[in-house]
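Report on the following structure.
Here is the naming used below: chain letters follow the sequence lines, and residue numbers restart at 1 for every chain.
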2 protein chains.
Amino acid sequence: MLSKKTQYAFQALMYLAQKKNNEPVLIAEISKKKKIPLKFLENILLELKKAEILDSKKGKGGGYFFAKNPKDVQLATVMRLLDGPISLLSCVSLYFYEKCNNCDERGCGLHLIMEQVRDANLKILEKKTIADIATKQNHIVKSV
Amino acid sequence: MLSKKTQYAFQALMYLAQKKNNEPVLIAEISKKKKIPLKFLENILLELKKAEILDSKKGKGGGYFFAKNPKDVQLATVMRLLDGPISLLSCVSLYFYEKCNNCDERGCGLHLIMEQVRDANLKILEKKTIADIATKQNHIVKSV
DNA sequence: ATTTAATGCTTTCTAAAAAAACGCAATATG
DNA sequence: CATATTGCGTTTTTTTAGAAAGCATTAAAT
């Protein structure tokens, strides 16, 4: 499961992406609209800024805004930044690889399958971007 | 990432599946061979038994063995049992569904994509079984 | 029956991580 | 200068993971 941190990040990014003209938005506004604890959100946005996904301006008229085009921000990037590995096992991770202790990787059936799982995930998460999730897709109406 | 608990479970299940004739195996033996803390393993095996994946016999000559054929035990089943949801968001989980607080699901772009991710995962994890991972696939030799 | 070899089960402990709050510093605007 | 805002290290709280302890129960062998 995604941590709250990453979930909040996605909500904040969606909110920012929906603003016109990429104008600075107050942390407090995002916090209120998206019901995210203010101080927690502050930290999250700061991390996103350090990763050069967002940028910010201090003082009056300041706030947070995108440093790059939302369509160039992969979901996978945000997840790795805030939650770490996307893979289910670190011995299969591309960005956070660690050898597993009692497993030789060759000849480990679990390893092979977890690579498949990883690839299936990345195929989606590296393709889809903040722009994709920010666009409300109300035209797809589910019949209940 | 999979918890240690689930990783240990997979290792133990692989070990049991590789035994001939489904004979009872001591917890202590699995613990030693797979380097899993004994008391922790005890709890894990017990959970697997309660889920009717394994069975056990007490007393001399006792131990753990499969209650069903390893080829009928999906990886997804084990993961759900020990780690909970496979989905990345609970609002998208089939077995552990919970409504998300600030999201209406229809019209939430994240929701739709996380459903795709879930399905991609389940396609693999509900198809592959303990029998699949227990079979060492040494014939696939990676060239280093 | 008694002994011994095993698992069964509840509880507790510890450590780490996640989630959140605090307080003041730094900076930009007007 | 006054005010609005983010920056950022520290601290606190809560939750979860990981592991251990200890006694109860069951089965088999003798």
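- B/Lys127 approaches B/Asp132 most closely through the heavy-atom pair O-OD2, 4.0 Å.
- The CG-P distance, from A/Leu46 to C/dA21, rounds to 17 Å in whole Å.
- Of all heavy-atom pairs spanning B/Val92 and B/Glu115, the tightest one is CG2-CG, 3.5 Å.
- Atom pair B/Met1:CE and C/dA16:P shows a separation of 17 Å (rounding to whole Å applied).
- The closest side-chain heavy-atom distance from B/Leu54 to B/Phe65 is not below 4.5 Å.
- Using a 4.0 Å heavy-atom criterion, one finds that B/Lys39 contacts the bases of the nucleic acid, with or without backbone contacts as well.
- No donor-acceptor pair closer than 3.5 Å links the side chain of B/Glu47 to the backbone N or O of B/Leu82.
- Checked by atom type, the side-chain pair B/Ser56/B/Lys49 shows a donor-acceptor distance below 3.5 Å.
- Heavy-atom distances under 4.0 Å link DNA chain C to A/Lys57, A/Lys58, A/Gly59, A/Lys60 of residues 51-63 of chain A, given in residue order.
- A residue-by-residue look at B/Pro37 and B/Asp83 shows that B/Asp83 has its nearest nucleotide of DNA chain D further toward the 5' end.
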Using the rule given for salt bridge (charged side-chain N to carboxylate O under 4.0 Å, His left out), can you reason through A/Glu29 versus A/Lys34, listing the C-alpha separation, both sets of side-chain angles and the distance that settles it, and then say yes or no? CA-CA 8 Å; A/Glu29 178 184 334; A/Lys34 290 296 191 174; over 6 Å; no
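- For the pair B/Glu42 and A/Lys5, nearest-nucleotide mapping onto DNA chain C gives the more 5' position to B/Glu42.
- Residue B/Ile44 contributes atom CD1, which lies 11 Å from atom C1' of D/dA17 at whole-angstrom precision.
- Taking only distance into account, the side chain of B/Lys50 never meets the base of C/dG8 through a donor-acceptor pair shorter than 3.5 Å.
- The side chain of B/Tyr8 has D/dA19 as its nearest neighbour among C/dG23, C/dT7, D/dA19.
- Side-chain proximity of A/Tyr64 to the nucleotides D/dG7, D/dA19, C/dA20 is greatest for D/dG7.
- Using a 4.0 Å cut-off on heavy atoms, none of the residues of residues 74-82 of chain B approach DNA chain C.
- Scanning both residues, A/Ile130 and A/Ala17, for their nearest heavy atoms gives CG2-CB, 4.1 Å.
- Residue B/Gly62 comes nearest to B/Leu26 through the heavy atom pair O-CD2, 3.6 Å, listed as atom of the first residue, atom of the second, then distance.
- Using a 4.0 Å cut-off, some side-chain N or O of B/Lys49 falls inside it from OP1 or OP2 of C/dG8.
- Nearest to the side chain of A/Leu26, among D/dT5, D/dG7, C/dT10, sits D/dT5.
- Per the geometry, CD belonging to B/Glu47 stands 11 Å off P belonging to D/dA17, to the nearest Å.
- The shortest distance between side-chain heavy atoms of A/Met114 and B/Leu2 falls below 4.5 Å.
- When the P atom of C/dT7 is taken as reference, atom CZ of B/Phe65 falls 11 Å away, rounded to whole Å.
- Considering all non-hydrogen atoms of both residues, B/Tyr97 and B/Cys91 come closest at CE1-O, 3.3 Å.
- Residue A/Leu45 is out of contact with every strand shown, counting any heavy-atom pair closer than 4.0 Å.
- The residue A/Leu38 sits apart from the nucleic acid: no heavy atom pair falls under 4.0 Å.
- Atom pair A/Ile27:CD1 and D/dT6:P shows a separation of 4 Å (rounding to whole Å applied).
- Along DNA chain C, the nucleotide closest to B/Asn43 and the one closest to B/Val25 are compared, and the more 5′ of them pairs with B/Val25.
- The interatomic distance linking A/Glu29 (CD) with D/dT5 (P) rounds to 11 Å, in whole Å.
- Separating the CG atom of A/Leu41 from the P atom of C/dA19 is a distance of 14 Å, rounded to the nearest angstrom.
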